[in-house]
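Lettering follows sequence order; numbering is per chain, from 1. Below, all heavy atoms of this structure are taken into account, side chains as well, without hydrogens, waters or symmetry copies.
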Amino acid sequence: MIKPFKKQWFWAAFLSILMLAGCQEDGQKSSKALFSRVDPAPILISPKSPKDQGELSEIKKTVITDKSTYDVAVARKDKEVLVSYKVKHSKRFQMKKIEKTITHKLEKKFPDYTFAVSSDYKIFLEIVRLGEKLDSKKFDKKKAEKRFGEIKSLKDELT
Amino acid sequence: MPKKNLNPEQQKYQQLQKQHELKRPVLMNCIRAFWVGGLICMIGQAITYFYIYFFNFTEQTAGNPTVATLIFIVMLLTGFGIYDHLGQFGGAGSAVPVTGFGNAVISAAIEHRSEGYVLGVGGNIFKLAGSVIVFGTFSAFVVALIKTIIGMIGG
Amino acid sequence: MLTGKHTWVFNNRPVILSTGVTGGPFEANGHLADDFDILHDDLYMGKETYEKAHQFLLEEAVGKVMEKRQMTKDDIQFFLAGDLINQITPSSFAASTHGIPYLGLFGACSTSMEGLALSAFIVNYDGAEYVITGASSHNAAVEKQFRYPTEYGGQKPPTAQWTVTGAGAALVGKNKGQDENHPCITSATIGKVIDMGLSDPFNMGGAMAPAAADTIIKHLQDLKLEPDHYDLIVTGDLGRIGQKAALDYMEQQGVKLDPQKFRDCGLMIYTEDQEVFSGASGPGCSAAVFYGHLLKRMKQGEFKRILVVATGALLSPLSFQQGQSIPCIAHAVAVEYKNT
């Protein structure tokens, strides 16, 4: 029923939503990873050698040079590589196709690795978080490997 | 609706009446619907991000708890008598998102509470939303059928 | 006495001895809040359902009528009432509460004047000494039946109207030389059902306008009167659209009314900033405005003669869903107040 209704309430609700949305500021990349480009550094869990590091950067570059992506996170454990990227908004309708071409491209270029490619924000976010935990020494190698497996299983759950 | 044959007097009066009939402000309604609908979807997106960020949901799986949350919010708004104001203001903007569906179900449930739980709430809860379910399911079936047939022909 | 084709002239001049008007919260914020006897600040009015609240509104109005004259139900011979809800149960239940012999009426929003005309007729021809007539409506109960659930967020077009939550009742009694102090009913015209083929249930005013126009014209023809015989011709619930359409339609038929003297109850009751679209409607609208507001103004000497034309749209939720157009009716009652 439409009864006399105080407009203040509507505005109060509206403003509180805006304020809640605005309360998202701290220095960490992971806190912004859902909203803006953070360009995380590639994460190498093992084996740690400069050569592997270089190759991982190469993988990242391959993905980011694809014109439909704008932010890429990669993590590697032995021969397994997790690749997550954000798709430009105008290209989001072709997400499945993009995933296919990127996987194809990577597998062709780096035949030694197995890739898990996903455009899911959650996986992206978790890779960024994994990197932060490694940097701040909260995670040792073992824990990082475990988390890597968990993230990978998230990808496997997606249909 | 069957078009009735009008006699000349009726036609004459209807023309006269047309001059005075207030038109729906279609353009204004569109603009409002755009903003209200957009705002609701923005809130939905914020809730999705919330579930991705704080819980173990991926972009795909976060959809379900988001819908549940939105429907819960609408349930409260409907119960407190706010959503109908939003509906009058936003029109399609508030009716098309899942919130509109929730409102249709919940308002019917509230309305018919007085007739008891079985015949009132149970019997009338889908009074408005029932046709959405029926035709939604049916059109999904038709589309799936067409897709299957095309798939079979096209190999 | 039948005069002309469809008009009764009441030579014994039955009087309206007292009135009772009740309303809901939305009316309390309207223009005419002061003219209500009882106003409720809650749509449920302490009852479990809207239908019971609806019934309660009418009960209270009738109670108020008797209270003002210090009468009991045993003094009243008949009770004539109606409303919009299925099988007019709120009115019937109210009649059961008061225990006055009862005639149920259905004339949609025209019930108020249908009841007043019949009451006057009964009293005029010695059928009774005292008759109470009333009409009521309850916004949420009517919305529930005719449209969507009250909390449903559907968008209403600007042609829609707002059903009044209110009831008005009047005690019609024999004229025992009370002309001076009370308004008396001089004549009434019974209208015919007019269907102009409109079928939009969100535009009742437009559909009802020709019925009102037809009844007014017939009334003036039957009594051989000019429109300016009345200080005010007031329609029940035509709303913005219907009022303009009725004026135009009458002009086409050769009857020119002064727009200043042609008012609508549906446009009087609420203020501009209340979201009521084209105006108010419902049996309670004309009953509450006429019995409450207009009679008061008559007593203050503002108007001497007024013609009240209550309009009703005789549709049901079933009929418009089946694509039928909206048949409409209007009844007119002329009321006079002699000032000394």
S.K.: Give the minimum heavy-atom separation between C/Y152 and B/N103, together with the two atoms involved.
M.R.: CD1-OD1, 3.4 Å
S.K.: Looking at every heavy atom in both B/R113 and C/Y44, which two are closest together, and how far apart are they?
M.R.: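 Nearest pair, atom of B/R113 first, then C/Y44: NH2-OH, 3.6 Å.
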S.K.: How many angstroms lie between CD in B/Q14 and OG in C/S199, if you round to the nearest 0.5 Å?
M.R.: 7.5 Å
S.K.: When rounded to the nearest 0.5 angstrom, what is the spacing between CD1 in C/I241 and NZ in B/K18?
M.R.: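 Going from the CD1 atom of C/I241 to the NZ atom of B/K18 covers 11.5 Å.
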S.K.: If I measure from the heavy atoms of chain C, does B/E9 come under 4.5 Å with its side chain, its backbone, both, or neither?
M.R.: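 Both parts, backbone and side chain.
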S.K.: Got C/L198 and B/Y13 here, is their nearest side-chain heavy-atom distance under 4.5 Å?
M.R.: yes
S.K.: Under a 4.5 Å heavy-atom cut-off, does chain B meet the side chain of C/A209, its backbone, both or neither?
M.R.: both
S.K.: So which heavy atom on B/L16 is nearest to which on C/A245, and how close?
M.R.: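 For B/L16 versus C/A245, the nearest heavy atoms are CD2-O, 3.4 Å.
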S.K.: Take a 6.0 Å sphere around OH of C/Y270 and say whether it holds more than 12 heavy atoms from other residues, nucleotides or ligands.
M.R.: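 Count over threshold, so yes.
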S.K.: What is the distance from atom NZ of C/K144 to atom CD of B/E115, rounded to the nearest 0.5 Å?
M.R.: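 So the gap between those two atoms works out to 4.0 Å.
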S.K.: Of all heavy-atom pairs between C/P149 and B/A108, which one has the smallest distance, and what is that distance?
M.R.: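 Looking at all heavy atoms of both residues, the closest pair is CG-CA, 3.8 Å.
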S.K.: For the residue pair B/L22 and C/T159, what are the closest heavy atoms and their distance?
M.R.: O-CG2, 3.4 Å
S.K.: Within the 4.5 Å heavy-atom criterion, are C/K156 and B/Q88 side-chain neighbours or not?
M.R.: yes
S.K.: Of all of C/K244, C/E51, C/M196, which one pairs up most often with chain B through heavy atoms under 4.5 Å apart?
M.R.: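 When all of C/K244, C/E51, C/M196 are compared, C/M196 has the most.
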S.K.: Heavy-atom distance under 4.5 Å to chain C: side chain of B/K12, backbone, both or neither?
M.R.: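 Contact with chain C is through the side chain of B/K12 alone.
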S.K.: Quick one: which of C/E48, C/R240, C/Q252 has the most heavy-atom pairs under 4.5 Å with chain B, could you say?
M.R.: C/Q252
S.K.: Using a cut-off of 6.0 Å, state whether more than 12 heavy atoms not belonging to B/K23 lie near its atom NZ.
M.R.: yes
S.K.: Donor-acceptor check, side chain of C/D248 to backbone of B/Q17, threshold 3.5 angstrom: yes or no?
M.R.: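 Absent.
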S.K.: Taking C/E151 for its side chain and B/E111 for its backbone only, find out whether a donor-acceptor pair lies under 3.5 Å.
M.R.: no
S.K.: For residues C/G197 and B/L6, report the shortest heavy-atom separation together with the two atoms involved.
M.R.: CA-CD2, 4.0 Å
S.K.: Quick check on C/F93: does its CZ atom have over 12 non-hydrogen neighbours (other residues, nucleotides or ligands) under 6.0 Å away?
M.R.: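 Atom CZ in C/F93 is not packed in, count stays at 12 or less.
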S.K.: Return yes when atom CG of C/D42 has more than 12 non-hydrogen atoms of other residues, nucleotides or ligands closer than 6.0 Å, and no otherwise.
M.R.: yes
S.K.: Decide if atom OH of B/Y117 counts as having more than 12 heavy atoms of other residues, nucleotides or ligands within a radius under 6.0 Å.
M.R.: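 Open.
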S.K.: Select one option (side chain, backbone, both, neither) describing which atoms of B/A104 are under 4.5 Å from chain C's heavy atoms.
M.R.: both
S.K.: Would you check if B/H20 and C/Q243 make a side-chain contact, meaning some heavy-atom pair closer than 4.5 Å?
M.R.: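 No, their side chains stay 4.5 Å or more apart.
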